[in-house]
Structure formats: structure tokens, C-alpha cells
Novice: 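One structure, pasted below without further comment.
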Amino acid sequence: MCGAHRHLALLLLAEAVLCAATMRFQDVLSNGRTSPVIHHNKIQGWSSDENKWNEKLYPFWEDNDPRWKDCWKGGKVTTKLVTDSPALVGSNVTFVVTLQFPKCQKEDHDGNIIYQRNCTPDSPAQDQYVYNWTEWIDNCSWENCTSNHSHNIFPDGRLFPHYPGWRTRNFVYLFHTFGQYYETLGRSSAIFSVNTANITLGKHRMAVSIYRRGHSTYVPIAKASTTYAVTDKIPLFVSMSQKHDRNISDSIFIKDSPITFDVKIHDPSYYLNNSAISYKWNFGDGSGLFVESGATTSHSFALEGNFTLNLTVQAIIPVPCKPVTPTPSLPTPAVMTEGSSNSDPSVPNETTEDNPDGGCHIYRYGYDIAGITIVEGILEVNIIQMTSIQMTESQAENPLVDFVVTCQGSLPTDVCTAISDPTCQVSQGMVCDPVIVTEECLLTIRRAFDEPGTYCINITLGDDTSQALASALISVNGGSSSGTTKGVFIFLGLLAVLGAIGAFVLYKRYKQYKPIERSAGQAENQEGLNAYISSFKAFFFPKSTERNPLLKSKPGIV
């Protein structure tokens, strides 16, 4: 009897030793590092990493194992694993893994690897051969693929899914996170999504191991990992733009000019598509709170200085109602993620509401805080005069034009002139020069043109933070003009001729019948008539073409 007990104890000890030596998923997918047993919420479609691992069919290699160098013909396969994290809890987070083969190798539409012989970067060889994976796959049907001798199984013994094209997927992808694993077949890339409803808030690590088909076993070829985040804050980003702002990345904007604020919510799985979203703005300039239903708004700052922008985004998400339980819900821990800022502690981040219409909703919030600087800048540019420069016959090939330009706002430090075709589409060159303007924004810009014709001219004045543009069409030295312009010149010419004839007739009449003696009333009438004729002549026969009082002292030429 005592011997029987001793024998049973030995059997139990041997079984315990054998179980301890059995490899599990967490031993392989965590890179051989054992971790304490922690209870995790179940992810739908995933399995516990405490399951046994078929080491005979799927061998495990340490990182320094020399077999990694020979596991792939022609070089080393690298792996890129990316994610669309951060993910709002309840939404899906997606992962994409891509295999990058050695030089001169690629995958064809059948899943085979094409090798180019004697391939060089300068002259790829045309000679190639196909590495046929399917010759190693058991030629089985639905009935006999369930045989214990089949190699078409995952490391935990599950059969490969027999969906169309499964034979051309020659790589096994094994994902591991949150104490659980997911296994699937794929080709040179794989994509999958995970719902985050049962994943703890915070940052987590996703690891992937890739095996390729072999003759008798599967061969490990690559591993990769990445970090993803699950948060209860709505991930968002605010972009700011302004018409005359010179650098959109420096957070410096111009006074008295509208700034456009555009909110981008990071929701790649469209979790918030059926939600009611509102945006509460506080621009920090004492203008009050603004609540918008759209993601885009604009605001002008009337004062210079530094301001703090605060944005709160609220999403009302419809969800199925949960059964009422007497136990109170535990508070959800706050998580800070990249792209989010400090939250408002007075606003709960998640609340559930049972509406009278029978629907339930979850309230989620997102926050953004940004500092901006408001300065004076160039708000407007005007071309007030264009004058062709008289040239000699030897200079006729390069006609010159002077542009007199004014602006509003701050004084410019540089000027750029862009010349293009009459449609303003085809650029013919740009010239930029520094300028020094000390008192008022008034300067003359001289530019040369390749030949006579009609051009579109764009003149931009700028300083360190702002720039403004003025455009005009100009006909240089007899270039073709529009019919409207020609009609205006003809009308003005006829009007000038008629005015000259009328003035001559009036002059002859009063000169011929000029009385010898005038009364006081006649003298006053004659002086009034002379003043009228002088004004008439000054209008049609000006001594100078300058009409703008700002140009009495002509600015320096740039």
C-alpha cells in the first residue's frame, strides 16, 4: 500500500515537472520573459496566453540564436508594425504589419516569392525563379485535413480556416497583448482591428511573431512590437490658419484679421459617427464663451499680446442601456495621451444617461489648450499707380514699369514680385528684394519684362510674421489690351477733343465781344467765367499726370 502511494506521488511529481516544462504562448510571444499572472478582461476573439504552445511544429528561438541568419534565403526579413492609436475606449484600434523582403525579392499574386538572379540596383536581372510554397502543403480536402498528421494548424492546435485563398497565405501571424493572443494567416502584410471596450486605459504593448511555411515545421522569420494607447479623452488636434500669416507653425498671428480654427478628431474607426458633438471655445481675450456645432470656427483678436485658447469637445454617444445594478460604478482613471491637454476637473469625463425616449448615452470629452501671440501685421496691399519708363531704342527689348504700392498695418521688410501670363496661371519668374520703409508704407517697385505684352503681376509685401498680396493685369509697351480698356481710352479721347473744341469756341466768343468797360456785376461774372474755364482746362489738359497727394514726394525705387 505504501508502495502504491509512493508510485502515485512520483507520477504526480513527474506530471508537475512536465507541466512546468511545457511552453506556453506567453513564454514565446513575450520573448521568453515570464510575467506574473494578472487577470485581464477578455478581448473578444482572443485567447489566454496561458495556453500550451506546440514547440515541435513552431520552434522558438532566442534573439541571439544563430539560426535567425539562415531562416530566409537571400538576406534578412524585416517587419514594420504600425497602429492608428490613440483610441477612444469603446472604439477599434487597428494594426498593420508589413514584411519587407531582401533586395530583388517580391511576392506575386499567388503568394509565392519571386527571386531575381544576379540582381543589382543599376541593372535588375531578368532571370528569375519562383519559390513555390504550395508544394509543401498537404494535398488534402475538407475531410482528411482534420488528420492529426496535418501541419495546417496554429501553435495551439487549431485548424487553419478554410476560406477561399487560404493556401496562398503562407505566413502565420501571432499577435500578443493584454495577456492574450490572436493568430491568423496572411501574405506579406496583415491588418486587423481590436475593440478596446475591455482594455484597460493606458499604454500597452502589441507584439507580433511571424512564421513561414516549412517542409516539416514552421520557421520563425521576424518579430516586431509597438506601443498603443487607450484613452477616455477624445483624441483631437486643432489647426490654426490666417490669411496673411507668414508662418502657420509659430503660433503668432495678426491683429484684426480672422483666425480660422479647425478641430480634427482622431476617430479612424468612426466610433463617433452617430454622436452629437459640440465645441465650446474660450479664446482668452475676454470675449466670452462660444458653443459651436461645427468643427470649424473663426475669431479676430482686437488687441496685441499673448492669449490662451481653451477648447472643450463634448460627444454624446448612443449606447445600449445596461441593467440597473445597486453597486456604484468605480471612477475611470484619467489618461494623458499625445495630442490631448489638461482636462477640466470640474467636468466628468464619462457619464451615462437614461433618456425618457428609452435610449442611453455616454458623454465623452476632449480638451485642448494652446497659447498664441497676437501682433500687428500687414493687412492690405494696394497698387495705386503703374508707369512705363521711357527707354531708348537699344533698351526696347526689356521694357521697364514702375509700380507704386501702399499697404495698411505694419511696415514691410521685403517685397516679392511674381510675373505670369495673362491668365495668372503660368509663372514667368519671381524677384524678391529687402526694403527699408521708415515712416509710411509707400514704395516704388521697378520691374523689367522680357518683351511687350499683357502680364499678370503679383506684388507681395511681408515682414517677419505677415504678408499681403496685390494683383493686377498690365499691358506693357503696346501689348494687347482688352476691348473694354480700348473703349475707355477712345471715349476719353473723344471727350477730350469735344472739350477742347467747346473751350476754343467759348474763348473766341468772349474774346471777340469783350466790352471796353465793365460794371461791377459784369466783372464778377467775367471772373467767375474765367475760373470755370481754368478749371475746365485743368481737367482736360493737366500739366502733370500725378493726382495722388501721397506721391508728391516720390518714394525710392526698389
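All values below were derived from every heavy atom in this structure, side-chain atoms included, with hydrogens, water molecules and symmetry-related copies excluded. This structure is a prediction, so every number in the text was calculated from the model and none was measured.
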Novice: Could you walk me through whether Arg169 and Phe160 pass the side-chain contact (heavy atoms from CB on, under 4.5 Å) check?
Specialist: CA-CA 10 Å; Arg169 303 192 178 194; Phe160 289 164; over 6 Å; no
Novice: Taking C-beta and beyond as the side chain, do Leu289 and Val291 meet within less than 4.5 Å on heavy atoms?
Specialist: no
Novice: Between Ser48 and Glu50, is there a donor-acceptor pair closer than 3.5 Å when you use the side chain of the first and the backbone of the second?
Specialist: yes
Novice: Side-chain contact test, heavy atoms from C-beta onward, threshold under 4.5 Å: evaluate it for Tyr115 versus Lys73 and give yes or no.
Specialist: yes
Novice: Has Ser466 got a side-chain atom pairing as donor or acceptor with Ile378's backbone, closer than 3.5 angstrom?
Specialist: yes
Novice: Drop me the distance from Asn92's CG to Asn195's CG, to the nearest 0.5 angstrom.
Specialist: 5.0 Å
Novice: Within this structure, what is the OG1-NE2 distance for the pair Thr231 and His266, rounded to the nearest 0.5 Å?
Specialist: 11.0 Å
Novice: For residues Leu99 and Phe171, determine if any side-chain heavy atom of one lies less than 4.5 Å from a side-chain heavy atom of the other.
Specialist: yes
Novice: Run the side-chain contact (heavy atoms from CB on, under 4.5 Å) test on Ile199 and Val194 for me, step by step, so that the C-alpha distance in whole Å, both residues' side-chain angles and the decisive distance to 0.1 Å come before the verdict.
Specialist: CA-CA 10 Å; Ile199 297 181; Val194 182; 4.1 Å; yes
Novice: If every non-hydrogen atom of Met240 is compared with every non-hydrogen atom of Ile259, which pair is closest and at what distance?
Specialist: CB-CG2, 4.4 Å
Novice: Look up atom OG1 in Thr184 and atom CD1 in Ile191, then write down how far apart they are to the nearest 0.5 Å.
Specialist: 12.0 Å
Novice: Run the ring-centre check on His299 versus Phe261 and record whether the distance is less than 6.0 Å.
Specialist: no
Novice: Would you say that Thr260 contacts Thr296 through its side chain, given a criterion of any heavy-atom pair below 4.5 Å between the two side chains?
Specialist: yes
Novice: Examine distances only and state if a side-chain atom of Arg246 and a backbone atom of Asp464 form a donor-acceptor pair shorter than 3.5 Å.
Specialist: no
Novice: With a sphere of 6.0 Å drawn around CD1 of Ile248, does it hold more than 12 non-hydrogen atoms of other residues, nucleotides or ligands?
Specialist: no
Novice: As a quick check of understanding, evaluate side-chain contact (heavy atoms from CB on, under 4.5 Å) for Val375 and Ile252, giving each step before the final call.
Specialist: CA-CA 7 Å; Val375 299; Ile252 301 177; 3.8 Å; yes
Novice: Between Tyr228 and Phe95, is the ring centre distance below 6.0 Å?
Specialist: yes
Novice: What pair of heavy atoms forms the shortest contact from Val28 to Tyr211, and how long is it?
Specialist: CG1-OH, 4.3 Å
Novice: Assess whether atom CG of Asn274 is packed by more than 12 heavy atoms of other residues, nucleotides or ligands within 6.0 Å.
Specialist: no
Novice: Does some side-chain heavy atom of Lys106 sit less than 4.5 Å from a side-chain heavy atom of Phe101?
Specialist: no
Novice: Closer than 3.5 angstrom, by distance alone: can the side chain of Arg187 be matched with the main-chain N or O of His109 as a donor-acceptor pair?
Specialist: yes
Novice: Between Thr168 and Asn170, which heavy-atom pair has the shortest distance, and what is it?
Specialist: O-ND2, 3.3 Å
Novice: Supply the atom-to-atom distance Met206 CE to His176 NE2, rounded to the nearest 0.5 angstrom.
Specialist: 9.5 Å
Novice: Check whether any side-chain N or O of Gln242 sits under 3.5 Å from a backbone N or O of Phe253 as a donor-acceptor pair, and report yes or no.
Specialist: no
Novice: Under 3.5 Å, is there a donor-acceptor pair between the side chain of Trp68 and the main chain of Glu62?
Specialist: yes
Novice: Aromatic rings Phe307 and Phe301: how do their planes relate, parallel, tilted or perpendicular, breaks at 30° and 60°?
Specialist: tilted
Novice: Is there a side-chain contact between Pro318 and Ser275 in this structure, where contact means two heavy atoms from C-beta onward sitting under 4.5 Å apart?
Specialist: yes
Novice: Is the shortest distance from a Lys or Arg side-chain nitrogen in Lys264 or Asp262 to a carboxylate oxygen in the other one below 4.0 Å?
Specialist: yes
Novice: If I take atom CD from residue Glu292 and atom OG1 from residue Thr297, how far apart are they, to the nearest 0.5 angstrom?
Specialist: 4.0 Å
Novice: Heavy atoms only: give me the nearest Ser293-Tyr279 pair and the separation to one decimal.
Specialist: O-CE1, 3.8 Å
Novice: Shortest non-hydrogen contact from Thr177 to Arg205?
Specialist: OG1-O, 3.0 Å
Novice: Quick one: side chains of residues 74-90, donor-acceptor pairs under 3.5 Å with protein atoms, not counting sequence neighbours, listed by atom name and distance.
Specialist:
residue : atom : partner : partner atom : Å
Thr78   : OG1  : Gln100  : OE1          : 3.1
Thr83   : OG1  : Ser85   : N            : 3.2
Thr83   : OG1  : Thr94   : O            : 3.2
Asp84   : OD1  : Thr94   : N            : 2.9
Ser85   : OG   : Ala229  : N            : 2.7
Ser85   : OG   : Ala229  : O            : 3.4

Novice: Counting only N and O atoms by type, is there a donor-acceptor contact under 3.5 Å from the side chain of Gln180 to the main-chain atoms of Ile43?
Specialist: yes
Novice: Check whether any side-chain N or O of Asp267 sits under 3.5 Å from a backbone N or O of Tyr271 as a donor-acceptor pair, and report yes or no.
Specialist: yes
Novice: Which pairs count as salt bridge (Lys or Arg N to Asp or Glu O under 4.0 Å) when at least one residue sits in residues 153-164, sequence neighbours excluded?
Specialist: Asp156-Arg158
Novice: Is the shortest heavy-atom distance from the side chain of Ile316 to the side chain of Gln314 under 4.5 Å?
Specialist: yes
Novice: Do you know the tightest heavy-atom contact between Ser269 and Ser91?
Specialist: OG-CB, 3.4 Å
Novice: Between the side chain of Asp245 and the main-chain N/O of Lys243, is any donor-acceptor distance below 3.5 Å?
Specialist: no
Novice: So, do Glu304 and Glu376 sit near enough that their side-chain heavy atoms are less than 4.5 Å apart?
Specialist: yes
Novice: Run the ring-centre check on Trp281 versus Phe283 and record whether the distance is less than 6.0 Å.
Specialist: yes
Novice: side-chain contact (heavy atoms from CB on, under 4.5 Å) for Asp368 and Val263? Distances and angles first, verdict last.
Specialist: CA-CA 10 Å; Asp368 186 81; Val263 183; over 6 Å; no
Novice: So, the side chain of Asp285 versus the backbone of Ser287: is there a donor-acceptor pair under 3.5 Å, distance only?
Specialist: yes
Novice: Measuring from atom OH of Tyr218 to atom OH of Tyr58, what distance do you get when rounded to the nearest 0.5 angstrom?
Specialist: 4.5 Å
Novice: Only one of Trp46, Phe154, Trp53 forms a ring pair (Phe, Tyr, Trp, His ring centres under 6.0 Å) with Phe25, so which one is it?
Specialist: Trp53
